[in-house]
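Contents: one structure, followed by commentary.
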2 protein chains.
Amino acid sequence: MNKARNTKVDILNAALPLVRKLGFESVSIANLAKEVGMSKSGLFAHFHSKEKMHVMILDHASVDFTQNVVMPALKSKRGLPRLKKILSNWVGWLGSSSEGACPFVAASIEYDQKEGLVKERLQFHLGSLIKAISRSVDHCIEEGHFDKGSDSNQIAFEIYSFVIGESIYRKTLGHKSSNKILTESLNRLYARSK
Amino acid sequence: MNKARNTKVDILNAALPLVRKLGFESVSIANLAKEVGMSKSGLFAHFHSKEKMHVMILDHASVDFTQNVVMPALKSKRGLPRLKKILSNWVGWLGSSSEGACPFVAASIEYDQKEGLVKERLQFHLGSLIKAISRSVDHCIEEGHFDKGSDSNQIAFEIYSFVIGESIYRKTLGHKSSNKILTESLNRLYARSK
DNA sequence: TGATAAAACGAACGATCGTGCTATTATTGA
DNA sequence: TCAATAATAGCACGATCGTTCGTTTTATCA
């Protein structure tokens, strides 16, 4: 039961870039099996169904986000420095290696109207992500980096929107200075009511 | 050659809600044919390939956007009133009847990394959409509704991001007051440097 | 109305999909 | 090392996909 967990991680690591490139529904068991050099049935045995596979890919994306975006930022000082670090990590994560879209946005598009395990899990993970941003904004307010009366949910919404917007500008439109525009938007936001 | 155009419009009208519900790749020829009550081959004859069908659905979405979002707003006064009207029409369009995601965002996710006719067309349409917003912001600057030094591209980016963000909040997260949050964000933006 | 053309259909193709089986490896622990 | 067990492969199935082709139905217009 050791070997299994290893290859499962290998599979999920291979799945994430595929999801970001092709979307969830295009990452089939057959497709993914070829990618990792396994038989269809061998890979299938790890997940027991396509839906459960997609759920676990989503879970894996969430772990990946936490490890590579949130956790490294915990070394930065609580408040604005940490929030800024989270955001730069986030943008880096979205633009990293494999390219492609944000896995949560991809799932958003494909499972909005499809009830099932994937949609439920997506709601949980995306909700957690936004709650994490909101909490980080709260720290900024507590530390006096944002105005006392600021609404952290409001600010978290705007931050999330900007990050997703930048991703679309860069990936779809091929916008050259999307990062500069994002930075400008965030700077305006940081400077709010101070 | 009259009948053909009529059924083609019928097909595209049926396709748009499906795309918004399921994404592009899930709208298959077989699927769509069943939806409109035609045979696969009968429907196929209208498009000659699946890719061309997806391109025409995208074109149709663009026409739909122009007719239902941009054009009705032209009756409003040039400048901020018109921009506000475009935005409320836009949000209404995204939340209208069929529900589902923004077709351009759906295409964004699915065709970012897939070269071909669909991606090319998407770049054109999404670029046009954002240019239209930016132009409307320029009018606001000219009319003195926004500060002279405002950057219309910057503001257009933020507006676009907010609209997409609201859509994800509402559709995926089921956020109750997403519209209120969006309104607050836009009001802050309208009030900028005045 | 009847000839001509357009539009829609039905059947079939090869490909790919998810998912059961059973058999065959590879890994593990005494 | 050797039995027990877990992991993987091979194969087959029904479904669905895009596409082709020949036929039939429907619309057009002189």
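Letters A, B, ... are given to chains in the order of the sequence lines, protein chains preceding strands, and every chain is numbered from 1. A quick note: this is a predicted structure, and the numbers were derived from the prediction, not measured.
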* Asked: Any side-chain heavy atom of Phe162(A) within less than 4.5 Å of one from Phe157(A)?
  ->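 Of all side-chain heavy-atom pairs linking Phe157(A) with Phe162(A), none is under 4.5 Å.
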* Nearest of dC11(D), dC17(C), dA11(C) to any side-chain atom of Ser41(B)? ->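 Of the candidates, dA11(C) comes closest.
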* Residue Thr7(B), side-chain heavy atoms: nucleotide from dA8(C), dC17(D), dG20(C) that is nearest ->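 Minimum distance to the Thr7(B) side chain belongs to dA8(C).
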Using whole Å, what does the distance between atom [atom2] of nucleotide [N] and atom [atom1] of [X] come to?
X: His46(A); N: dA6(D); atom1: NE2; atom2: P; answer: 13 Å
X: Ile29(A); N: dA9(D); atom1: CD1; atom2: P; answer: 14 Å
X: Leu43(B); N: dG10(C); atom1: CG; atom2: P; answer: 14 Å
X: Phe44(A); N: dG18(C); atom1: CZ; atom2: C1'; answer: 7 Å
X: Lys8(B); N: dA27(D); atom1: NZ; atom2: C1'; answer: 18 Å
X: Asn6(A); N: dA26(C); atom1: CG; atom2: P; answer: 17 Å

* Scan residues 47-61 of chain A against DNA chain D and write down, sorted by residue number, each residue with any heavy atom closer than 4.0 Å; if none is found, say none. =>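 Heavy-atom cutoff 4.0 Å gives no residues at all.
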* **Residues from residues 31-39 of chain B lying under 4.0 Å of DNA chain D - heavy atoms** =>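 Correct list: empty, so none.
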* To do: Could you tell me whether a side-chain N or O of Arg170(B) sits under 3.5 Å from a main-chain N or O of Ser178(B), the two making a donor and an acceptor?
  =>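 Flag not set: sc Arg170(B) to bb Ser178(B) has no pair under 3.5 Å.
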* Which heavy-atom pair separates Val27(B) from Gly23(B) by the least distance, and what is that distance? ->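 In terms of heavy atoms, the two residues are closest at CG2-O, 3.4 Å.
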Please enumerate all protein N or O atoms sitting under 3.5 Å from an N or O of nucleotides 23-25 of chain C, with distances to 0.1 Å.
none

* To do: Using distance alone, with no hydrogens and no angle criterion, decide if Ser108(A) and Thr172(B) have a side-chain donor and acceptor under 3.5 Å apart.
  =>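 Side chains of Ser108(A) and Thr172(B): pair found under 3.5 Å.
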* State which residues pass side-chain contact (heavy atoms from CB on, under 4.5 Å) with Phe47(A); sequence neighbours excluded, sorted by chain then number. =>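 Scan of Phe47(A) (side-chain contact (heavy atoms from CB on, under 4.5 Å), adjacent residues dropped) gives Lys8(A), Ile11(A), Leu12(A), Leu43(A), Met53(A), Met56(A).
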* Asked: Under 30°, 30 to 60°, or over 60°: which ring-plane class applies to Phe24(A) and His54(A), parallel, tilted or perpendicular?
  ->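 Perpendicular, since the angle between the ring planes exceeds 60°.
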* To do: Verify the cluster assignment for Leu117(B) and Tyr111(B): are they in a single hydrophobic cluster under the rule of side-chain heavy atoms below 4.5 Å apart?
  =>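 Per the 4.5 Å side-chain linkage, Leu117(B) and Tyr111(B) are co-clustered.
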Residue pairs passing the salt bridge (charged side-chain N to carboxylate O under 4.0 Å, His left out) test where at least one lies in [range], sequence neighbours excluded:
range: residues 32-43 of chain B; answer: none
range: residues 150-159 of chain A; answer: Glu158(A)-Arg192(A)
range: residues 50-75 of chain B; answer: Glu25(B)-Lys50(B), Asp59(B)-Arg121(B)
range: residues 127-138 of chain B; answer: none

Below 3.5 Å between N/O atoms, which protein atoms pair up with nucleotides 12-14 of chain D? Just atom names and distances, please.
none

Residue list, salt bridge (Lys or Arg N to Asp or Glu O under 4.0 Å) with [X], at least two apart or on another chain:
X: Arg78(B); value: Glu142(B), Glu143(B)
X: Lys119(B); value: Glu115(B)
X: Glu184(B); value: Arg188(B)

* To do: Name the nucleic acid region contacted by Ala45(B), choosing base, sugar-phosphate or nothing; use a 4.0 angstrom heavy-atom cut-off, strictly under.
  =>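 If one applies the 4.0 Å heavy-atom cut-off, Ala45(B) turns out to touch nothing in the nucleic acid.
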